[in-house]
Amino acid sequence: MAIHLGANQYGKAENRVVRIYRDTPRHQIRDLNVSTALRGRFDAAHTTGEQGDVLPTDTQKNTAFAFAKEKGIGAIEEYALTLGERFLAASPAAEGARIEVEEYAWERIEVDGQGHDHSFVRTGGGVRNTIVNVERGKAYVVSGISDLVVLKSTGSGFHGFLKDEYTTLPETDDRILATSLVARWRYEHTDVEWDKAYDRIKALLLEKFATIHSLALQQTLYGMGSAVLEAHPEVAEIRFSAPNKHHFLVDLSPFGVENPGEVFIAADRPYGLIEATVTRDDASDPGSAWHATPGFC
Ligand SMILES: O=c1[nH]c(=O)c2[nH]c(=O)[nH]c2[nH]1
């Protein structure tokens, strides 16, 4: 029976790298979750057990921490690109490196109206992330946000849908629309002001969620994606995964109480799962940009 090794990669997942900048009494914090993986000519490691080409996952972990000090942590995309290039340089058998970074944001605790020097509170507002894929002479960056929990209490409906004998959903022109958004966008190149681009894209996604009168979550996502592509030529495509967090109006009539769109039950499961990609017609070749992205996007 002929068998062969298929796709493979190896690395250290979820290194929780916390860097404190303490050059002055006013500290700064960067809090990251860093996963690294190498792929390439690693057949022998699997087929014969010979590990001469394998840069250990432990070394990958050490490099992630050492670079947090030696190179510092600016934009997560920059940090990831630097790590990826280092791994290709250090590992001749590697043909590609995949660096995924999530960043947990902290803000200063307010004391007497002032942000405290060294005490922080984790912010909501989504988790910034990036997936960088470097190959020799090429780099692909897909950045995004997850856990961006948003809700609008009106300005959303869902009607005119296909009906069959199993359809019970009533049409509505006024409902709650809520989701925990995952958005990932692929950059055309790496000549990007990463922090500025992220801040603007996030702000635009939120603004469009708020201002688009939603006929369906699908239409809202397409509107959000189109707005990002129109305003950001450096973005080739954007993907969304959006659970439709249903809020059902509670029937208070058994108690003789009216409920004109005021009391809802926030359902946990099941949820609609709406996923979509919006792409520029002349987008560049994605190459390995989406290599092993989790789920739809
Ligand atoms: O925005 C929505 N899109 C759907 O496809 C859908 N299906 C459904 O039952 N409710 C909704 N809402």
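Atoms within a ligand are numbered from 1 in the order they appear, just like the ligands themselves. Predicted model, so just to flag it, every value in this text is computed and none were measured. Counting from 1, the numbers follow the sequence of the chain as shown.
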Numbered atoms and elements of ligand 1 in range of [X], under 4.0 angstrom, heavy atoms:
| X | value |
| --- | --- |
| Asn244 | 1 (O), 2 (C), 11 (C), 12 (N) |
| Gln218 | 1 (O), 2 (C), 3 (N), 4 (C), 5 (O) |
| Ala216 | 1 (O) |
| Leu217 | 1 (O), 2 (C) |

Have a look at ligand 1 and work out which part of Leu177, if any, has a heavy atom under 4.0 Å from it: side chain, backbone, both or neither. neither
Check whether any side-chain N or O of Asp53 sits under 3.5 Å from a backbone N or O of Ala93 as a donor-acceptor pair, and report yes or no.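 No: the side chain of Asp53 does not pair with the backbone of Ala93.
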Nearest neighbour in protein (non-hydrogen) for atom 8 (C) of ligand 1: Phe158 CE2, 3.6 Å
shortest atom 9 (O) of ligand 1-to-protein heavy-atom contact is with Leu169 CD2, 3.4 Å
Under 6.0 Å from the six-membered ring centre of Tyr104 and within 45° of its axis: does the NZ or CZ of Arg122 meet both?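 Yes, Arg122 sits over the ring of Tyr104.
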Indicate, with yes or no, if Val142 and Leu221 share a hydrophobic cluster defined by side-chain heavy-atom contacts under 4.5 Å among Ile, Leu, Val, Met, Phe, Trp and Tyr. no
For the residue pair Asp164 and Thr167, confirm or rule out a side-chain donor-acceptor distance under 3.5 Å. yes
If we only count heavy atoms from C-beta on, is the His213 to Ser156 side-chain gap below 4.5 Å?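 No, too far: nothing below the 4.5 Å cut-off.
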Contact with ligand 1 for Arg175, non-hydrogen, under 4.0 angstrom: yes
Any chance you could lay out the ring pair (Phe, Tyr, Trp, His ring centres under 6.0 Å) test for Phe248 and Phe264, step after step, and finish with the verdict? CA-CA 5 Å; Phe248 298 113; Phe264 296 83; 9.3 Å; no
